[in-house]
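Report on the structure given below.
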Amino acid sequence: MDRLPNGISRRSYSSGSRTDSTTTFRQFSPSRRMFCLLTVFDFFFILVAWLIYANAFNGLNLSLEKEVAHYKIASSLFDIVLLSLWRMVVLLLVYALFHSRKWYAIAITTSISTGFIIAKVVEYNFKTNNHHPMDYVSIIVSLFLCWAETLFLDFKVFPSELKAEQRMLAAGSLDTTAGERRPLLDENPSSYHTRTWLTEQSSFYTPYGSPPSSITSEDEGEDANAQLSSEDVHFKRKAKEIFGIAWDLLTVDKKWKHEKNKDGIIVESCILKDTGKMFKVQCSIDAPPSVVFSLIVLRVEDGPKWNSSVAESRVLHKIDNHTDICYNVTTDQAGGMVSSRDFVNLRHWQKRGKAYFSCNASVEYQDMPPVNEHIRGENHPGGWLFAENEGHHDQTDFVMLVNTDLKGWLPQYLIDQAMTGVLFGTADCLRNYVHSQK
């Protein structure tokens with residue numbers, strides 16, 4: 001095991017509790033099993049409906065000869081049965097056998113099924129069968145079931161498996177020590193050299209609303225939790241889990257793809273296996289880390305003052321001196337094509353060595369349910385790092401990790417384009433705001 005500066009050791013994530021957690025989760029989830037049963041039900045329902053129709057109308061033998069042997073799209077409904085069979089086979093292969101979490105297969109089967117059913121409605125001669133009710137029922141039910149499968153996979157299967165795996169990963173991350181991490185940033189010319197502030201025993205907490213320079217070590221034993229409600233204890237424990245996940249995302253090596261590099265602001269992205277695209281933004285700010293951290297993290301309500309993409313920002317609930325729940329509302333983006341979103345985030349911050357790290361992730365908070373005015377987005381674990389620049393004590397190397405699900409039915413290319421622009425603008429606004437406060 002090779003060593004990093006200041007006693008920080010590299011850690012391989014190919015073994016240990018993290019892998020065990022992921023492997024355990026890879027078992028077939030109940031929601032995925034339900035989806036597979038739905039695809040099987042789709043086929044057998046259409047098949048049984050056609051058999052009942054064939055026996056009641058012309059007899060099974062005559063119907064087989066007419067609709068199968070002498071098939072015509074204008075007079076046969078057997079193609080609806082074959083369509084559901086094809087859909088079942090494809091979906092079971094992709095999502096049951098190969099356990100995929102990609103949406104491509106369901107998108108293809110739903111698009112082709114919808115297109116065929118529309119063509120079927122146009123070409124089918126309903127008058128031939130004297131407008132028999134089964135003609136209408138078979139076609140409508142087939143369209144309904146294929147879209148029900150799509151919605152169930154997108155809104156039930158993927159989100160539930162993601163949440164379950166995040167809980168598993170969080171449990172595994174708590175078993176690691178502060179020193180057993182990878183380098184903070186990739187060793188390439190575009191990265192900022194910020195590893196010198198890491199020390200193996202440095203783990204401090206930021207008193208809420210206090211200047212970061214006054215931070216002292218704080219004991220967080222049972223006495224601290226005794227003053228909290230059971231709900232706050234739950235949120236506090238969850239915040240530490242989120243911190244572990246976000247810190248791992250920050251320190252584990254990844255293959256980053258260049259998105260934008262302009263005016264000293266670097267925007268990169270990588271694809272995470274279960275949560276999709278994560279963005280990383282890096283820039284240098286002409287102010288000490290303690291100053292930038294205090295302006296940005298400890299003054300939540302000032303978010304709209306410096307960030308043009310934020311319409312509202314406020315603390316909903318303070319849990320302790322370094323943990324709270326915040327509410328944020330974004331402005332419309334991409335010329336109004338991406339409408340306003342709101343987020344309820346659980347935040348937790350710590351000081352490690354000469355750096356400050358604030359993590360966040362979306363949570364459900366009963367005092368702030370979804371509202372009609374905004375689409376409720378979801379932030380996966382991410383965070384903001386404020387590290388002292390190596391050799392320049394009055395400069396901050398800023399790193400931001402963002403992994404957001406905007407919800408809604410937005411094309412991925414539009415989301416990627418909007419996120420790159422928003423995050424670049426956020427870093428630019430941050431630098432300008434800190435400079436104006438000098």
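Values reported hereafter were calculated over all heavy atoms of this structure, with side chains retained and with hydrogens, waters and symmetry mates removed. The residues of the chain are indexed from 1 along the displayed sequence.
At distances below 3.5 Å, not a single donor-acceptor pair connects side-chain atoms of S142 with backbone N or O atoms of I139. Remark: side-chain polar atoms of R347 are not paired, donor with acceptor, to backbone N or O of G383 under 3.5 angstrom. Remark: the backbone N or O of Y71 is not paired with any side-chain donor or acceptor of S75 at under 3.5 angstrom. Here the side chain of D320 pairs a donor or acceptor atom with the backbone of T323 at under 3.5 angstrom. When atom types are taken as modelled, the side chain of S313 and the backbone of V300 share a donor-acceptor pair closer than 3.5 angstrom. Remark: side-chain polar atoms of H70 are paired, donor with acceptor, to backbone N or O of E65 under 3.5 angstrom. Judged by distance alone, with hydrogens and angles left aside, the side-chain atoms of T110 form no donor-acceptor pair with the main-chain N or O of A107 at under 3.5 Å. The main-chain N or O of F78 is found under 3.5 Å from a side-chain atom of S76 such that the two form a donor-acceptor pair. D405 contributes a side-chain N or O that, together with a main-chain N or O of K407, makes up a donor-acceptor pair within less than 3.5 Å. Using modelled atom types, no side-chain atom of T396 and backbone atom of F398 make a donor-acceptor pair closer than 3.5 Å.
The distance from atom CG of L430 to atom CD1 of I265, rounded to the nearest 0.5 Å, is 9.0 Å. The structure places OG1 of T426 at 4.0 Å from CG of N307, a figure rounded to the nearest 0.5 Å. The CD1 atom of I325 sits 5.5 Å away from the CG atom of L346 when rounded to the nearest 0.5 Å. Taking CG of D302 as the reference point, atom CH2 of W306 lies at 10.5 Å (rounded to 0.5 Å). For the atom pair C146 SG and L83 CG, the distance stands at 7.5 Å (nearest 0.5 Å). The structure places CZ of F235 at 6.0 Å from CD1 of I319, a figure rounded to the nearest 0.5 Å.
Comment: K255 does not engage E268 in a salt bridge, judged by the lack of any side-chain N to carboxylate O separation of less than 4.0 angstrom.
Among pairs with a residue in residues 35-46, those fulfilling salt bridge (Lys or Arg N to Asp or Glu O under 4.0 Å) read D42-R87, at least two apart in sequence or across chains. Residues in residues 421-431 take part in these salt bridge (Lys or Arg N to Asp or Glu O under 4.0 Å) pairs, two or more places apart or across chains: D428-R431.
Here the closest heavy-atom approach between residue V40 and residue M88 is recorded as CA-SD, 3.8 Å. Scanning both residues, R32 and S100, for their nearest heavy atoms gives NH1-O, 2.9 Å. The heavy-atom pair separating A246 from G382 by the smallest distance is CB-O, 3.5 Å. Closest of all the heavy-atom pairs between N379 and S362 is N-OG, 2.6 Å. Closest of all the heavy-atom pairs between E149 and T39 is OE2-CA, 3.6 Å. Taking every heavy atom of both residues into account, C359 and I242 meet most closely at SG-CG2, 3.9 Å.
The ring pair (Phe, Tyr, Trp, His ring centres under 6.0 Å) with Y95 is formed by just one residue from the set Y104, F35, F152; it is F35. The one candidate from M419, K277, K280 that meets the side-chain contact (heavy atoms from CB on, under 4.5 Å) condition with V402 is M419. Of the residues N360, N321, D324, the one that meets the side-chain contact (heavy atoms from CB on, under 4.5 Å) test with W349 is D324.
Scored by the salt bridge (Lys or Arg N to Asp or Glu O under 4.0 Å) test, K156 finds no partners at all (sequence neighbours excluded). With sequence neighbours left out, R314 forms a salt bridge (Lys or Arg N to Asp or Glu O under 4.0 Å) with E312. Checked against salt bridge (Lys or Arg N to Asp or Glu O under 4.0 Å), R376 has the following partners two or more places apart in sequence or in another chain: D342. Listed by chain and residue number, K120 satisfy the salt bridge (Lys or Arg N to Asp or Glu O under 4.0 Å) test with D79 (two or more places apart in sequence, or in another chain).
The aromatic rings of F243 and H348 sit perpendicular, their planes meeting at an angle over 60°, well past the 30° parallel limit.
The shortest distance between side-chain heavy atoms of W256 and V267 does not fall below 4.5 Å. Looking at I80 and W50, their side chains never come closer than 4.5 Å, going by heavy atoms from C-beta outward.
With 3.5 Å as the limit, one finds no donor-acceptor pair spanning the side chains of T330 and S309. With hydrogens and angles left out, the side-chain atoms of Q350 and W247 include no donor and acceptor closer than 3.5 Å. A donor atom on one side chain and an acceptor atom on the other are found under 3.5 Å apart for T275 and N403.
In the displayed structure, F44 atom CZ is contacted under 6.0 Å by at most 12 heavy atoms of other residues, nucleotides or ligands. Around atom OH of Y327, more than 12 heavy atoms belonging to other residues, nucleotides or ligands sit under 6.0 Å away.
Between Y356 and F386, the distance separating the two ring centers is not shorter than 6.0 angstrom.
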Check your understanding: ring pair (Phe, Tyr, Trp, His ring centres under 6.0 Å) between F45 and F43: does it pass, once the steps are laid out?
Key -> CA-CA 6 Å; F45 181 88; F43 167 66; over 10 Å; no
Check your understanding: Please walk me through it: do E259 and S269 pass side chain to side chain donor-acceptor pair (under 3.5 Å)?
Key -> CA-CA 7 Å; E259 298 285 348; S269 67; 2.6 Å; yes
